[in-house]
Amino acid sequence: MKTFALGYLIAYNVLQFLSWIAIVVLIVLNLIQNGGNPRGVYDAVELPLTIITCAAILETIHSAVGISKSSPVAAFMQFLGRSFALFVLTRSIPGVRYEPSVTAFIACWAAIELIRYPFYISSMLGTMSYPLLWMRYTSFIPLYPIGYGAELVTCYAAMGIVWTSGQYSFEVAGNVINFYYVLCVYVAVSCFGFIQNYMYMFSQRRKSLRKIKMR
């Protein structure tokens with residue numbers, strides 16, 4: 001890897017890591033100020049979360065142009081899934097942002113990224129430690145299902161709202177299609193994507209931990 005590309009990737013990952021730390025601090029402060037009530041968490045983290053979620057499209061580009069070893073398909077699917085949960089479900093449908101499940105999936109995302117980005121940084125610097133490697137390929141086992149489950153609960157809340165309000169309904173060949181059915185398709189597709197990604201992470205876990213044991 002060329003020196004410039006390496007420096008750029010390290011800087012990107014450091015910025016993402018620091019941004020997620022800031023989000024965790026905002027979450028904790030908001031929960032303390034509101035006596036543990038999660039209703040205001042999304043509003044507290046909306047701006048930084050929006051920025052880093054949009055910036056994450058760069059990870060697909062990094063993989064596609066070959067400066068990162070990650071799968072471009074996996075990176076893009078994660079970007080799409082998070083963008084849909086954040087911008088379509090949470091941000092644009094009234095009332096959804098106040099659901100406790102929104103705080104839950106944001107917290108899970110944060111926990112995942114606070115391990116993933118240091119893992120990438122250590123890998124690029126050649127300073128990988130076994131505890132960090134183990135955490136990267138073990139923490140996803142509970143965090144991925146919990147986070148995805150919270151996204152589904154959020155989607156369920158959104159489905160109830162759009163069914164009664166008709167928000168985002170559209171016409172196809174003279175027939176009005178309720179956005180509720182689009183969300184049903186999203187659930188089916190995201191479920192398939194989640195299973196694929198979850199199994200991919202398990203395969204990566206076996207490969208990575210096996211290499212350590214063979215040394």
Please check if the side chain of [X] supplies one atom and the backbone of [Y] the other of a donor-acceptor pair under 3.5 Å.
| X | Y | answer |
| --- | --- | --- |
| Asn13 | Leu9 | yes |
| Tyr198 | Ile141 | yes |
| Asn34 | Asn30 | yes |
| Ser203 | Tyr200 | yes |
| Ser70 | Ser63 | no |
| Thr90 | Ala85 | yes |

Straight-line distance of [X] [atom1] to [Y] [atom2], nearest 0.5 Å:
| X | Y | atom1 | atom2 | result |
| --- | --- | --- | --- | --- |
| Lys69 | Ser123 | NZ | OG | 6.5 Å |
| Gln16 | Thr53 | CD | OG1 | 8.0 Å |
| Leu183 | Cys155 | CG | SG | 4.5 Å |

Open item on the list: Looking at Phe79, I'd like to know if its CZ atom is crowded, meaning that more than 12 non-hydrogen atoms belonging to other residues, nucleotides or ligands lie closer than 6.0 Å.
Closed with: yes
- [ ] Determine, stepwise, if the pair Val88 / Tyr186 fulfils side-chain contact (heavy atoms from CB on, under 4.5 Å).
- [x] CA-CA 11 Å; Val88 178; Tyr186 160 76; over 6 Å; no
Just wondering, do [Y] and [X] contact through their side chains at under 4.5 Å, heavy atoms?
| X | Y | answer |
| --- | --- | --- |
| Glu46 | Arg97 | yes |
| Ser139 | Arg116 | no |
| Ile115 | Trp20 | no |
| Phe76 | Ile57 | yes |

Open item on the list: Could you work out, with side-chain contact (heavy atoms from CB on, under 4.5 Å) as the rule, every residue matching Leu58, not counting sequence neighbours?
Closed with: Tyr8, Tyr12, Ile61, His62
TODO: Report the C-alpha separation of Val176 and Phe170 in whole Å, then their side-chain angles, then the decisive distance to 0.1 Å, and conclude whether the side-chain contact (heavy atoms from CB on, under 4.5 Å) test is met.
DONE: CA-CA 6 Å; Val176 177; Phe170 56 95; over 6 Å; no
Task: Reference residue Ile23; test side-chain contact (heavy atoms from CB on, under 4.5 Å); the match among Leu18, Val41, Leu49, Val28 - done: Leu49
Open item on the list: Does Val153 form a side-chain contact (heavy atoms from CB on, under 4.5 Å) with Glu99? I'd like the steps, not just the answer.
Closed with: CA-CA 9 Å; Val153 172; Glu99 294 291 325; 5.7 Å; no
Task: Pair Glu113 + Arg82, salt bridge at N-O below 4.0 Å - done: yes
Open item on the list: Which heavy atom of Val24 sits nearest to which heavy atom of Ala110, and what is that distance?
Closed with: CG2-CB, 3.7 Å
Open item on the list: Could you check, using the six-membered ring where one of them is a Trp, whether Phe119 and Tyr137 have ring centers closer than 6.0 angstrom?
Closed with: yes
Task: Summary of side chain to side chain donor-acceptor pair (under 3.5 Å) pairs that have at least one residue in residues 141-169, sequence neighbours excluded - done: Ser92-Tyr168, Ser101-Thr154, Trp109-Glu151, Tyr148-Ser190
Open item on the list: Walk me through whether Tyr117 and Val14 qualify under side-chain contact (heavy atoms from CB on, under 4.5 Å).
Closed with: CA-CA 7 Å; Tyr117 287 114; Val14 168; over 6 Å; no
